[in-house]
A.B. asks: 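Please see the structure below; I have some questions.
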Amino acid sequence: MKYPNQSVKPISTKINNKGNLEISKVDLVDLAKKYKTPLYVIDKPTLEKMAKDYIDAFSRYKNTKILFASKALMTGAVAKVLSSLGLGFDVVSLGEMYTLINAGIDLKKSSFNGNNKSIEEIEFALDKEIDHFSVDNFFELKQLNEAALRKNKIQKIHIRITPNIECHTHDYIKTGQTDSKFGFPIEKINDVVDLILNQYKNLNLVGLHAHIGSQIFETQPYYDLVGVLLGEIKKIKDKYNYELSEINIGGGLGITYSENDNPPSVYDIASVVIQSIEDNTKKFDLKKPILYIEPGRSLVCSAGFTLYTIGSTKKIEGIRKYITVDGGMADNPRPSMYQALYCAQVANKKENNKKEIVTVAGKFCESGDILIKDIELDNPQTGDILCVFDTGAYCYSMSSNYNNILKPAMVMIEEGKDKLIVRRQTLEQLVQNDIVN
Ligand code: LLP
């Protein structure tokens, strides 16, 4: 059985009797007509399925807390779906916290990550009683302790460490290694614990946190990571007679962007992590910790897709044919930033039509604005609707207004129904902060 993170398309994707792509009983050609393109779409059943799979896979370890890594996709409506299933949030900015609060979600199950939190952000999180901070560096330790002191609070914290675990992933998104801007080097843990226990009386250190990378296709690094974190907890216990009770193993589970990708399922990850907790708590004679996990991409990616309209085309004889869509690198910067691969399908053509290998270009003024190089599509023509799959994570959240092109709207679909969850940006909004004269 395939889980959402192992499938390119949302769970109920099919071709309907009109010959159009249909997901959750919603005809994507009608959807594109109704809301115009480019359009981000979130399939709620796929989103919920993945979240429920996470909950189910880790239910064998009762002390698990799942935090959605908001950076992958932060909108109020998506957050409400995840929050209603019991998830908390990993947030990294005032904006993410504000978006949650605006959606009526408090921060009591959330963790505040990040390597340069501002005083304003720290104070906001303290005022909103965030569950804990994952403290990244010495500067933040001092700032947070002072802020907590001013507010007469004892703040629960984890400390983020770089566990020196290598993952076979893209260099830009590899964060677990020593040469990283994130976290305390593992050799510095004693200095950090000394400071907290002896000096920073307004901090309550309860756990260790690490994130080893993103789009990870192996399970072994997670086994090793739990071992490293529990090993450090053991050393702290021996030296200070102080046992930390929580670990956070970050996110990173990979997804299937193209049929060649073969990530483990969330059940595979859960059993490796739980096994490692069993083995290492025994080995180090420790109590079973509370386990935090912070999935981002794997929770939302395959629930999301983007609809575009094909505009101009250009055939360079003997070389390639370009088809250009009405969006591109500003609504999905991942192909140009990471050479990320995507799959797509013409939404208004029956499969097995005349196939053609084309390159899907965006409309932004940059030669690198290519969404998909050399993909076989069903006879793509001007005016057709193109559906690009797996855009749920790190597309809307990394979108920009390059070329002053308006950001797309986002719609959530379910059981034949569609609901606008992010309005299309307007020209008035585009210039609202401009000061002329
Ligand atoms: N926790 C921490 C501390 C993180 O830094 C991240 C991602 C996550 C959790 C979630 O990781 P995920 O489950 O989504 O892999 N923009 C890049 C991805 C950057 C990931 C940054 N940190 C991309 O589009 O591939």
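Residues take their numbers from the sequence shown, with the count starting at 1. Only heavy atoms go into these numbers, but all of them, side chains included; no hydrogens, no water, no symmetry mates. Order of appearance sets the numbers: ligands from 1, and atoms from 1 within every ligand.
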A.B. asks: Aromatic rings Phe364 and Tyr402: how do their planes relate, parallel, tilted or perpendicular, breaks at 30° and 60°?
C.D. replies: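 Plane angle under 30°, so parallel.
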
A.B. asks: Any atom of ligand 1 sitting under 4.0 Å from a heavy atom of Ala72?
C.D. replies: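 The answer is no: ligand 1 sits nowhere under 4.0 Å from a heavy atom of Ala72.
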
A.B. asks: At a non-hydrogen distance cut-off of under 4.0 Å, which region of Leu299 contacts ligand 1 (side chain, backbone, both, or neither)?
C.D. replies: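 For Leu299, no heavy atom sits under 4.0 Å from ligand 1.
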
A.B. asks: Does one side chain, of Thr37 or Thr309, offer a donor that lies under 3.5 Å from an acceptor on the other?
C.D. replies: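 Yes, a side-chain donor-acceptor pair sits under 3.5 Å.
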
A.B. asks: Supply the atom-to-atom distance Gln425 CD to Asn401 CG, rounded to the nearest 0.5 angstrom.
C.D. replies: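 Here the interatomic distance stands at 4.0 Å.
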
A.B. asks: Which one of Arg297, His209, His211 has a non-hydrogen atom at the shortest distance from atom 11 (O) of ligand 1?
C.D. replies: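 The residue whose heavy atom sits nearest atom 11 (O) of ligand 1 is His211.
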
A.B. asks: Look only at interatomic distance and state if Ser298 has a nitrogen or oxygen under 3.5 Å from any nitrogen or oxygen of ligand 1.
C.D. replies: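 No; every N/O pair is 3.5 Å or more apart.
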
A.B. asks: Which bit of Pro295 is near ligand 1, meaning a heavy atom under 4.0 Å away: side chain, backbone, both or neither?
C.D. replies: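 Backbone only.
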
A.B. asks: Check if Arg160 has a non-hydrogen atom at a distance under 4.0 Å from any atom of ligand 1.
C.D. replies: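 In this structure, Arg160 qualifies as a contact of ligand 1 - some heavy atom is under 4.0 Å.
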
A.B. asks: Could you pull out, from Met398, Lys71, Arg334, the option with a heavy atom nearest to atom 24 (O) of ligand 1?
C.D. replies: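 The nearest heavy atom belongs to Arg334.
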
A.B. asks: Roughly how far apart are Tyr222 OH and Ile165 CD1, rounded to 0.5 Å?
C.D. replies: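 So the gap between those two atoms works out to 10.5 Å.
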
A.B. asks: Report yes if some N/O of Gly252 lies less than 3.5 Å from some N/O of ligand 1; otherwise report no.
C.D. replies: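 Gly252 vs ligand 1: N/O contact under 3.5 Å present.
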
A.B. asks: In terms of relative ring orientation, are Tyr257 and Tyr342 parallel, tilted or perpendicular, with 30° and 60° separating the classes?
C.D. replies: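 Perpendicular: the ring planes of Tyr257 and Tyr342 meet at over 60°.
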
A.B. asks: Quick one: which ligand 1 atoms are inside 4.0 Å of a heavy atom on Ala69?
C.D. replies: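 In order of numbering, the contacting atoms are 8 (C), 9 (C), 10 (C).
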
A.B. asks: Within 45 degrees of the ring normal and closer than 6.0 Å to the centroid, is that where the cationic atom of Lys117 sits relative to Phe133?
C.D. replies: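 Not flagged: Lys117 not positioned over aromatic ring of Phe133.
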
